[in-house]
Q: 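Before I ask anything, here is the structure I am working with.
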2 protein chains.
Amino acid sequence: MKDRSALRLATLQEALASGGTLHLRDAAELCGVSEMTIRRDVNAHPQVISLLGGRLVMAHTPGVTPVYDLTEQQASHYQAKSRLCQRARRFIEEGDTLFIDCGSTLMPLMNQLSEFRELTVITYALNVANAVAVLPNVRLVMLGGLFYPTSQSFASDTMAESIERLGINKAFISAAGVDLQRGVSCFHFHEVVPKQAAMAAAMQRLLVVDASKFGVVRPAYFASVNEFDVVVTDDDDAPALLRDEHSGQPTITAP
Amino acid sequence: MKDRSALRLATLQEALASGGTLHLRDAAELCGVSEMTIRRDVNAHPQVISLLGGRLVMAHTPGVTPVYDLTEQQASHYQAKSRLCQRARRFIEEGDTLFIDCGSTLMPLMNQLSEFRELTVITYALNVANAVAVLPNVRLVMLGGLFYPTSQSFASDTMAESIERLGINKAFISAAGVDLQRGVSCFHFHEVVPKQAAMAAAMQRLLVVDASKFGVVRPAYFASVNEFDVVVTDDDDAPALLRDEHSGQPTITAP
DNA sequence: CACTAAATGTTATAATTTTAACATTACAAT
DNA sequence: ATTGTAATGTTAAAATTATAACATTTAGTG
């Protein structure tokens, strides 16, 4: 017998390629077989198509949910990040033009932007862009270039001058390491130019970092701590860690 | 009473940001409320999070399924689009640098790029970028600018010159209307500049359109039919529709 | 052409999810 | 404090989905 199963799988994959869901009964009708057969097909290839509440969804295809369950622990980790961003949110005002850095730290902040009437977000990160693209009240400006998967962001040789031309109210910058002596650093060198350009162009510079980043140094240095106007953090000891004789010390958010 | 509902939504969104699913009971425990409350929260915001077989999934997040049901008709419609792109795929060669236009027509083509060893994709569309970003074998170049939700694409005053600087092998262009006399057109004027610039910069220009587009004229004209080297279509009558006395007639893919 | 084995279909049953109605709690304003 | 309103919780019933066991069909083989 020919492998009709593979043929059906291909049909269903095609149907789902653009990223929707297909009800089991429709899939069965589409393939001209019983629901049970579709069930068996799909269960035999969980890495291709998954069955979720009677509906077929792609498991892995570009732009589609890998269907696995988050543990409660994983989920609560995001809660902590979310709290950090709730502090950062207090610095945003109606009508602001915000520069949003790449990384996962600032993602929860994007979910809070729907509370404003009108904002503009400038970013060079794909994940940030996606989060903002669905908000009808936020204008999105994307800085393009070559894509770097590790940071989900773009870089180009013209990015610095593109940023110079923009009017930025507040630059929200994230980092992988913060050290009073050795400065603020990140993992990837391609992030340095956009970060520095945004800081130069912005009226206010905010560093958003969780407690785990203090005393850490990463490969790519991009600024000293006192170049920032505000440090937003969830670390109770941050004020002590960042105490400095310099006059240009940033405000540190209380825990 | 404070709006705890929005807070829970943000928490759940954050938990789901990396693209998994969260069981209703875990979501309830995570937020410290009953399952019914989560149900109500989620049902009130179907465009943010959907409930699918007792599990929460993002409706829109980066690389994640928008959860709506494909009808059988829609599903087979995608099959048609997919077939169209299978024809378009035959023009791609190993190592190519491709310009990919915005719209939904060319999305199935992105799913087929993993069959190549190495490619480069240049685009100004967010949905295309998301599809390509997950392919390890494809270099992605994004053209940024202000985001236009209707076409999920970006536009800027420097895009034309950005494209001029790029070396494009093949430009895959989509359209909303194709007419021999009135030319090739799309809905939105902001798409005109990138389309024209890409066609000018490319070594080969391919128009990819399904049968429904022939004889249709849309607001924004951007090219005449014979500016294209190839017309990829699933319309059997296309050769007749596009017959022309001009010498520069494009190749038309056989049905 | 009968035989075998795999694939598919059918049915009944179990488990789960959804819905609806109503009870309870929490908050705000007086 | 008291009351009204909105939010949340609880429960039971309905609808849906999943599983398992067994019947039937189909394709390949001698």
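Naming: A, B, ... by sequence-line order, numbering from 1 per chain. Because the structure is a prediction, the values reported are computed rather than measured.
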Q: Which residue is it: B/Phe147, B/Tyr124, B/Tyr148? I am looking for the one with a ring-ring contact (aromatic ring centres under 6.0 Å, His included) to B/Phe154.
A: B/Phe147
Q: Send over the distance from A/Leu51 CG to C/dT16 P, rounded to a whole Å.
A: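 Atom CG in A/Leu51 sits about 15 Å away from atom P in C/dT16.
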Q: For the side chain of A/Arg39, starting at C-beta, report the closest nucleotide among D/dT17, D/dT10, C/dT17.
A: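 Within the option list, the nearest is D/dT17.
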Q: Within the 4.5 Å heavy-atom criterion, are A/Leu126 and B/Leu126 side-chain neighbours or not?
A: yes
Q: Return yes if the base of D/dG9 and the side-chain atoms of B/Arg40 contain a donor-acceptor N/O pair under 3.5 Å, otherwise no.
A: yes
Q: Atom CZ of B/Arg25 to atom P of C/dT18: distance rounded to whole Å?
A: 12 Å
Q: Measure from CZ on B/Arg8 to P on D/dG9 and round the result to the nearest Å.
A: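 So the two atoms are 7 Å apart, to the nearest Å.
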Q: As a test of reading the structure: which of C/dG9, D/dT17, D/dT10 is closest to the side chain of B/Met36, going by heavy atoms?
A: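 For B/Met36, the side-chain atoms sit closest to D/dT10.
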Q: What is the distance from CG of B/Leu24 to P of D/dT16, rounded to the nearest Å?
A: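 Distance check: B/Leu24 CG to D/dT16 P gives 18 Å.
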Q: Out of D/dT8, D/dT17, C/dT17, which nucleotide sits closest to the side chain of B/Thr37?
A: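 Nucleotide nearest to B/Thr37's side chain: D/dT8.
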Q: Could you tell me if the side chain of B/Leu16 sits less than 4.5 Å from the side chain of B/Val57, heavy atoms only?
A: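 They are not in side-chain contact.
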Q: Tell me whether the count of non-hydrogen atoms from other residues, nucleotides or ligands lying under 6.0 Å of CE in B/Met36 goes above 12.
A: yes
Q: Tell me the interatomic distance from B/Leu52, atom CG, to C/dT16, atom C1', rounded to whole angstroms.
A: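 One finds 14 Å between C1' of C/dT16 and CG of B/Leu52, rounded.
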Q: Whole Å only: how far is the CG atom of B/Asn43 from the C1' atom of C/dT19?
A: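 In whole Å, C/dT19 C1' and B/Asn43 CG are 10 Å from each other.
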Q: Looking only at the side chain of A/Ser34 (C-beta and beyond, no hydrogens), which of the listed nucleotides C/dT18, C/dG9, C/dT19 gets closest?
A: C/dG9
Q: Step by step, would you call B/Thr21 with B/Arg55 a side-chain hydrogen bond (donor to acceptor under 3.5 Å, both in side chains)?
A: CA-CA 6 Å; B/Thr21 71; B/Arg55 266 164 270 229; 4.8 Å; no
Q: For B/Ile38 and D/dG9, give me the distance from atom CD1 to atom C1', rounded to whole Å.
A: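 Spelled out: CD1 on B/Ile38 to C1' on D/dG9 is 13 Å.
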Q: To the nearest angstrom, how far is B/Arg55 atom CZ from C/dA15 atom P?
A: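 Computing the B/Arg55:CZ to C/dA15:P distance gives 17 Å.
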Q: For a quick test of reading the model: is some side-chain N or O of B/His23 closer than 4.0 Å to OP1 or OP2 of C/dT17?
A: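 Answer yes for this pair, as a side-chain N or O of B/His23 is under 4.0 Å from OP1 or OP2.
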